[in-house]
There are 2 protein chains.
Amino acid sequence: MSETPRTRIQLENRRRIMEGALEVFSAEGFRGATLDQISAASGLSKPNLLYYFPSKEAIYTRLLTELLEIWLQPLEDMDPQGQPLEEVLRYVQRKLDMSRDMPRESRLFANEMLRGAPHISEVLAGRLRELVEARATLLSRWMQEGRLRQTPPDHLIISIWALTQHYADFDVQVRAVLGPDRDPYPEAAGYLTTLFRDLLTP
Amino acid sequence: MSETPRTRIQLENRRRIMEGALEVFSAEGFRGATLDQISAASGLSKPNLLYYFPSKEAIYTRLLTELLEIWLQPLEDMDPQGQPLEEVLRYVQRKLDMSRDMPRESRLFANEMLRGAPHISEVLAGRLRELVEARATLLSRWMQEGRLRQTPPDHLIISIWALTQHYADFDVQVRAVLGPDRDPYPEAAGYLTTLFRDLLTP
DNA sequence: GTCTATAAGCAGATAGAC
DNA sequence: GTCTATCTGCTTATAGAC
């Protein structure tokens with residue numbers, strides 16, 4: 001498979017494979033997913049999947065790599081020029097929106113993390129750590145300026161991930177606990193805003 | 001397999017199977033785990049596993065059922081006669097201790113939840129929901145008495161789960177972000193205590 | 001109770017026609 | 001580029017000896 005597909009058909013088929021793969025891998029995990037399922041979900045025959053990608057694992061790692069960019073964008077977008085509390089609360093809200101609107105992506109990464117992240121461990125120790133360190137530095141500065149209450153900035157970021165992603169990854173448990181008639185997301189938005197405002201208001 | 005095993009050997013072998021199954025299922029998920037792996041981890045031959053349990057799935061559901069009791073115990077133990085803030089912070093600490101000391105159990109349940117909890121959905125809608133409702137009622141009473149700040153009690157419980165379990169389930173990511181020389185758990189204990197004290201102090 | 005051997009089915013990947 | 005047919009290995013589960 002060429003690195004730069006030329007025809008419209010190739011691009012479209014690769015897109016369909018990624019979409020089907022996201023559907024299946026996020027629900028079944030890497031080992032649980034089968035090429036037959038991805039074939040059915042994407043509408044391409046099984047041998048055709050392996051015409052576009054050399055192996056099942058290649059599909060999976062490609063999917064992870066592509067989605068990681070989207071996944072880290074909100075943290076990337078935190079604005080050093082903005083109002084500190086506003087910036088943090090906006091980040092929380094964007095992450096919660098992503099849990100609501102992209103639960104498959106959230107579960108895909110959760111699956112990978114649970115298994116020790118064998119396919120993206122370099123990214124964790126490299127790009128991710130650097131990004132978090134940069135944002136932790138920014139948060140520390142805001143805290144020292146008295147514009148946010150003092151608290152460990154890296155654990156703050158970790159706790160935002162934990163709280164927002166939980167609503168996607170443990171969706172079935174959240175809905176069981178809240179009951180069938182309640183929508184978790186507007187409630188979570190209010191709760192998390194209050195929680196972080198209480199924690200961070202100087 | 002009899003419901004009430006009689007000999008010491010039977011009890012010991014069942015215990016070894018549960019231990020090996022926990023090791024493998026928590027790391028690989030249900031579909032990813034194989035009887036060969038459980039056989040190696042438990043020290044029993046593969047046909048012998050199927051002498052004690054009728055199928056791979058029977059091993060898995062038995063494991064989930066046994067561990068669920070232990071897993072819910074801290075919430076069960078919350079004391080209606082205790083000091084409200086103290087009781088909540090003690091619950092947070094016990095859950096965090098469980099993440100540190102029983103990460104395999106945490107990941108086992110996380111795997112099951114990610115897949116929509118097909119093997120324990122009745123428990124979620126039944127026993128778990130009732131237990132959470134009982135504790136939410138207790139928390140609400142404390143809030144109305146002015147002994148805790150007003151906040152949605154069920155989301156409070158959900159957020160305790162999310163934050164504490166995250167340190168076990170996403171261990172690899174937490175350690176990548178914090179760097180190799182830091183121990184996440186004492187730091188998390190301090191951070192989470194502060195967080196919930198700020199949120200709940202009236 | 002525990003073993004070796006094996007049945008039966010499924011999965012990832014390839015061959016080769018069109 | 002896409003298909004049908006098929007190979008090869010792995011996985012759950014069973015048969016039957018000891």
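All values derive from a computational prediction rather than experimental measurement. Letters A, B, ... are given to chains in the order of the sequence lines, protein chains preceding strands, and every chain is numbered from 1.
Listed pair T7(A) / dG1(D) meets the phosphate criterion, a side-chain N or O lying under 4.0 Å from OP1 or OP2. At dT14(C), none of the side-chain N or O atoms of Y51(A) fall inside 4.0 Å of OP1 or OP2 (strictly under the cut-off).
When the P atom of dG1(D) is taken as reference, atom CD of E12(A) falls 13 Å away, rounded to whole Å. For the pair N13(A) CG and dT2(D) C1', the computed distance is 10 Å after rounding to whole Å. F53(A) has its CZ atom 15 Å from the P atom of dT14(C), to the nearest Å.
Remark: the E112(A) side chain and the Y60(A) side chain contain an N/O donor-acceptor pair separated by less than 3.5 Å. If you check the side chains of N111(A) and R31(A), you find no donor sitting under 3.5 Å from an acceptor.
For E76(A), the CD atom is densely surrounded, since the number of other residues' heavy atoms within 6.0 Å is greater than 12. The number of heavy atoms from other shown groups lying within 6.0 Å of CD (E86(A)) does not exceed 12.
For R149(B) (side chain) and L200(B) (main-chain N/O), no donor-acceptor pair under 3.5 Å exists by modelled atom type.
Applying the side chain to side chain contact (heavy atoms under 4.5 Å, CB included) criterion to L72(B), with sequence neighbours excluded, gives L68(B), R127(B), L128(B), L131(B).
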With the sugar-phosphate defined as primed atoms, P, OP1 and OP2, and the base as all remaining atoms, what B/S/- string results for nucleotides 3-18 of chain D, 5' to 3', for protein heavy atoms under 4.0 Å? BBB-----SBBB----
